[in-house]
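As a basis for the values below, the full set of heavy atoms in this structure was taken, side chains included, without hydrogen atoms, waters or symmetry mates.
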Amino acid sequence: MISVDNINKLPVIIIKKIISLISNNRLTPDYFQLTQVDKRWNKYCKETIHFLEFNNCSILEFSLLYSFRSTSTLSLKICKTNLSNLSKLITSLENLIELKILYCNFITLNYNIENTLTEFINKLKDHPNLINLELGFNQIDLRLFNELKTLVSFPEYFKIKLTINLMTSDSTIWIINEIIKGNKSIICSLDLNHCKLGKESNSYGFIGFSRFSSILKTMNPLSLSTLDLSYNQLSDESACVLADGLSNNKSIQTLNLSFNDIKKQGSLAIAKSLSINNSITSLQYSCNSLQQEGTLAFAEMISLNQSLTDLNLSNCKLLLLSSSSSSSPSSSPQSVLSDSILITSSSSSSSSSSSSSSSSSSSSSSSSSPSSSSLSSSSPQTTTTNTNTTSLNTKTELIGNQNQSLIGITFKNSLGKNKSLKSLNLSRNLIDDLAVEYIASALSINRSIVNIDLSCNRIGDQGATLLSKSIAYNENTMITTLNLSSNCIEDSGASSFSDIIINNKTLTQLDLSINWINSNGIIQLSKSFEILSSSSSSSSSSSSSSSSSSSSSISSSSTLSPITSIDFSCNTICHRGAKYIGSFLKNSKLKYLNLFSNNLEALGAIKLAKSLSLINDSLHLTQLDLSSNSLGNYGVSVLANQLVKNNTIKSISLSQSLITSIESSPLQPTASSTSTSTTSTPPATTTKTTTIINNSNNNSSNNDVVVSDGVLSLVKLIKENNVIEFIDLSYNSIGAIGAKEISQALKSNKNITNLDLSCNSIGDVGATSIANQVFPFNNILSRLSLYNNKISSVGAKSIVDNLIKNHTLFTINLLANNIDNELLIPITKRLEHSLPKN
């Protein structure tokens with residue numbers, strides 16, 4: 001390790017390079033400490049650091065930073081600062097280009113903060129190089145807020161991001177109007193969330209909001225590109241007013257209207273304005289209420305608008321089908337934007353059937369109607385045009401009448417031919433297996449959508465089958481992320497994704513968490529991976545007959561499934577399904593696998609470990625979550641011993657795995673090992689290693705206490721594995737004995753940077769072991785969680801005494817322990833500096 005004295009003997013150019021490499025030219029508390037160690041470092045920092053950042057701290061004096069000539073960015077967030085001194089600092093930073101001041105508490109010595117703020121803003125205006133300015137305020141005093149009107153005098157080359165949160169005064173929007181009207185070129189981003197702008201129509205604030213909409217409509221071009229009006233209680237009337245301004249606006253690209261009170265009429269107005277507007281690319285509209293008319297309006301808008309790339313309609317009461325109460329034609333939704341769309345929708349359905357009958361390709365028949373995929377038992381190739389037409393008529397009868405399916409048909413045709421939308425969020429809309437047919441049919445011909453979120457609906461097995469087939473057999477699909485979490489999907493629905501695994505080449509992330517999938521669904525999916533592997537082998541053999549073996553291997557690797565992330569958490573695949581996980585891992589590029597809460601138990605861990613042992617050389621997996629599976633000491637020991645040999649997994653989660661520090665009786669095997677010995681046996685090396693360690697730990701004062709196989713195997717994993725960087729052992733019963741064993745292993749570990757030991761009852765003894773064994777010797781660990789571990793001030797004192805010897809740890813979670821605040825203060829201060837005070 002290089003000492004400070006040795007560093008200072010290096011040439012200046014080398015020292016500058018060191019600072020640049022280890023800091024990425026950002027100033028951190030390390031460099032304040034370095035200047036205290038040796039004053040010569042101060043000079044080198046001044047010439048190297050480009051980014052000054054202060055978060056959640058009190059900084060009243062800036063004199064140390066006045067000579068940082070190379071600094072181009074200064075950021076203060078949630079800080080208590082002296083406005084006059086900050087003004088002097090900004091003046092001294094001649095090369096400053098970007099300034100961020102967010103949610104700070106300003107103080108002044110002369111008690112005239114209004115004049116001080118005015119002077120501060122003038123200093124910003126006169127700065128020779130400053131261009132980008134970001135200001136954020138929470139419940140700013142109205143007197144100070146009025147001073148912001150001086151922003152009008154800023155030169156036009158300034159780009160200002162302004163955030164005003166939690167301001168409920170009617171004057172808020174009026175002051176914003178004055179700034180934008182006075183200088184339309186400076187504010188590029190405006191965030192007014194939680195400001196209650198949608199008050200009653202006769203209020204002073206509503207009149208100001210109307211003026212704001214008028215500015216958006218008439219003052220073009222504006223520089224305003226981002227507008228956030230979320231959490232503002234916007235009503236239908238407010239939305240109609242805003243929509244009028246958006247219709248002719250050509251500057252806003254990102255619009256957030258989430259969490260308001262916009263219902264049918266307001267949604268109609270917003271959809272109509274977006275049908276005309278060609279500048280908005282992202283719309284966040286979650287937690288409003290579309291209802292039938294609003295859903296139809298947005299469906300038509302999707303067809304007309306060709307600029308939107310991101311649309312969030314989560315929890316919007318999206319109704320693709322009418323309710324049974326509105327069965328009369330008079331109550332059916334009518335066209336609200338363009339009659340031509342509805343005509344196109346009707347003709348498109350019939351023309352789709354006719355084109356499907358005239359086409360001989362299998363891909364066209366798969367996308368001809370919403371229910372074509374659901375009637376196909378294996379693939380769309382067997383589905384005929386007559387079947388499609390009959391199925392559509394049957395579905396229309398189920399809905400009630402032709403008008404009631406109009407919304408779904410319009411949505412299907414609009415989304416199907418849309419060419420701009422990349423991300424679509426339809427989660428939490430109670431979409432069922434009937435409504436999802438229209439979405440599936442649209443996805444079977446859509447060529448633009450990359451990410452689609454349908455989580456927290458109720459599509460069931462039939463809906464999952466329709467979606468999987470529409471994506472699998474659309475040769476032009478661009479979908480990479482599909483979220484179907486919490487959708488009442490069972491085994492048959494999960495099995496349908498075999499089509500995607502075998503045929504699709506784009507999907508990389510699949511979320512099937514919180515469903516009703518058990519081992520049968522996993523077995524069927526594993527078979528699809530095996531089919532993919534067998535087709536790869538046949539392709540490889542045919543390739544080898546006409547080319548070299550090297551090109552054959554390339555052909556083989558290219559047929560691996562592109563899926564890199566699968567989330568099966570909160571299902572019930574059990575130990576029977578765990579046996580087949582190996583097929584997933586062997587025949588794909590899977591890097592992330594989540595099996596949280598799947599009732600694997602010890603036998604499931606054994607089978608998973610065996611699968612890993614068979615495919616260790618071809619594994620791509622880097623993150624594995626096995627939390628909340630009741631693996632027990634025996635299951636964890638078998639799995640951990642297998643992971644010792646693994647060279648790809650960097651993150652392993654074993655939270656809530658029933659790991660204990662000691663065995664209940666050293667003379668008898670655990671219940672899990674007894675029950676599983678007849679079914680599956682761990683590798684011989686695992687059993688021998690565990691037994692030897694157990695015997696070696698039998699020399700404690702209590703001869704009945706033997707350290708558990710689970711803890712000992714984790715110790716071995718920490719000592720011998722050179723890849724794992726994160727281990728989650730929270731919510732177990734590792735205790736003080738287990739903490740002591742793990743601490744000794746961490747003493748020499750060179751790769752683990754993040755360890756979670758929350759809720760393990762390690763107590764003061766365990767905390768002292770960690771402080772004494774880990775802090776002075778481990779120079780890799782950077783994050784440690786000891787949350788809720790029955791640690792008192794005794795254990796905290798050991799942490800304080802040893803933390804000064806550690807140079808890398810910057811986060812320790814000690815919440816929910818019985819520690820005096822007086823001891824937490826030095827711990828907090830120590831973590832602010834990564835070098836000891838000498």
Side-chain angles (χ1 to χ4, degrees), residues 1-2 21-24 30 564-565 585 590-594 605 608-609 612-613 615-627 636-655 657 659 685-686 689-690 693 710-730 732 734 738-758 760 762 766 769-786 799 802-803 805-813 831 834-835:
M1 189 175 189
I2 301 176
L21 289 175
I22 65 177
S23 70
N24 195 24
D30 303 358
T564 59
S565 173
L585 302 176
L590 199 63
K591 295 183 178 180
Y592 172 80
L593 178 61
N594 191 341
L608 181 59
L612 291 174
S613 66
I615 59 172
N616 194 48
D617 295 336
S618 59
L619 198 63
H620 297 85
L621 194 67
T622 60
Q623 297 182 63
L624 177 62
D625 192 338
L626 297 173
S627 301
V636 169
S637 67
V638 175
L639 185 65
N641 278 286
Q642 177 56 45
L643 290 176
V644 168
K645 311 170 188 176
N646 183 272
N647 57 6
T648 63
I649 296 178
K650 296 182 179 181
S651 173
I652 177 73
S653 295
L654 295 171
S655 177
S657 291
I659 305 172
T685 55
T686 301
T689 303
T690 304
I693 295 177
V711 169
L712 291 175
S713 61
L714 289 173
V715 169
K716 181 181 178 182
L717 178 65
I718 294 172
K719 284 184 177 180
E720 300 182 16
N721 183 280
N722 298 319
V723 177
I724 293 178
E725 299 174 358
F726 170 71
I727 300 181
D728 183 0
L729 300 175
S730 60
N732 286 292
I734 290 175
K740 182 179 179 180
E741 297 287 340
I742 290 174
S743 298
Q744 291 176 352
L746 285 172
K747 185 176 180 179
S748 57
N749 183 274
K750 301 297 182 183
N751 45 280
I752 294 177
T753 60
N754 193 336
L755 175 64
D756 192 343
L757 290 173
S758 302
N760 269 288
I762 68 173
S769 297
I770 292 174
N772 292 337
Q773 296 292 327
V774 179
F775 292 171
F777 305 103
N778 185 297
N779 59 359
I780 297 296
L781 191 66
S782 58
R783 292 180 176 88
L784 174 65
S785 179
L786 300 178
I799 292 176
N802 287 279
L803 197 56
K805 304 173 185 178
N806 185 278
H807 297 172
T808 59
L809 196 67
F810 60 83
T811 297
I812 302 179
N813 188 349
L831 292 175
S834 59
L835 290 177

side-chain hydrogen bond (donor to acceptor under 3.5 Å, both in side chains) filter on Asn772, not counting sequence neighbours, yields Asn802
Residues passing the side-chain hydrogen bond (donor to acceptor under 3.5 Å, both in side chains) test with Thr648, sequence neighbours excluded, are Asn646
Is the side chain of [X] donor-acceptor paired with the backbone N or O of [Y] at a distance under 3.5 Å, no angle test?
X      : Y      : value
Thr622 : Lys591 : yes
Asn641 : Leu639 : no
Asp728 : Ser655 : no
Ser769 : Lys740 : no
Asp756 : Ser758 : yes
Asn732 : Ile734 : no

Which atoms form the tightest heavy-atom contact between [X] and [Y], and what is the distance?
X      : Y      : answer
Ile615 : Leu585 : CD1-CB, 3.4 Å
Ala739 : Ile762 : CB-CG2, 3.8 Å
Ala609 : Gln642 : O-CG, 3.4 Å
Asn754 : Leu781 : N-CD1, 3.9 Å

Would you compute the distance between atom [atom1] of [X] and atom [atom2] of [Y] and round it to the nearest 0.5 angstrom?
X      : Y      : atom1 : atom2 : value
Asn749 : Asn722 : CG    : CG    : 8.0 Å
Leu717 : Leu712 : CG    : CG    : 12.5 Å
Ile727 : Ile652 : CD1   : CD1   : 8.5 Å
Ser743 : Phe775 : OG    : CZ    : 9.0 Å
Asn806 : Asn778 : CG    : CG    : 7.0 Å
Leu746 : Ile752 : CG    : CD1   : 5.5 Å

Side chains of Val774 and Leu755 in contact at under 4.5 Å (non-hydrogen atoms): no
Sequence neighbours excluded, the answer for side-chain contact (heavy atoms from CB on, under 4.5 Å) partners of Asn647 is Val723
- request: Show your working on side chain to side chain donor-acceptor pair (under 3.5 Å) between Thr753 and Ser782 and close with a plain yes or no.
  value: CA-CA 5 Å; Thr753 60; Ser782 58; 4.6 Å; no
The single option from Leu624, Leu626, Ile649 that satisfies side-chain contact (heavy atoms from CB on, under 4.5 Å) with Leu593 is Leu624
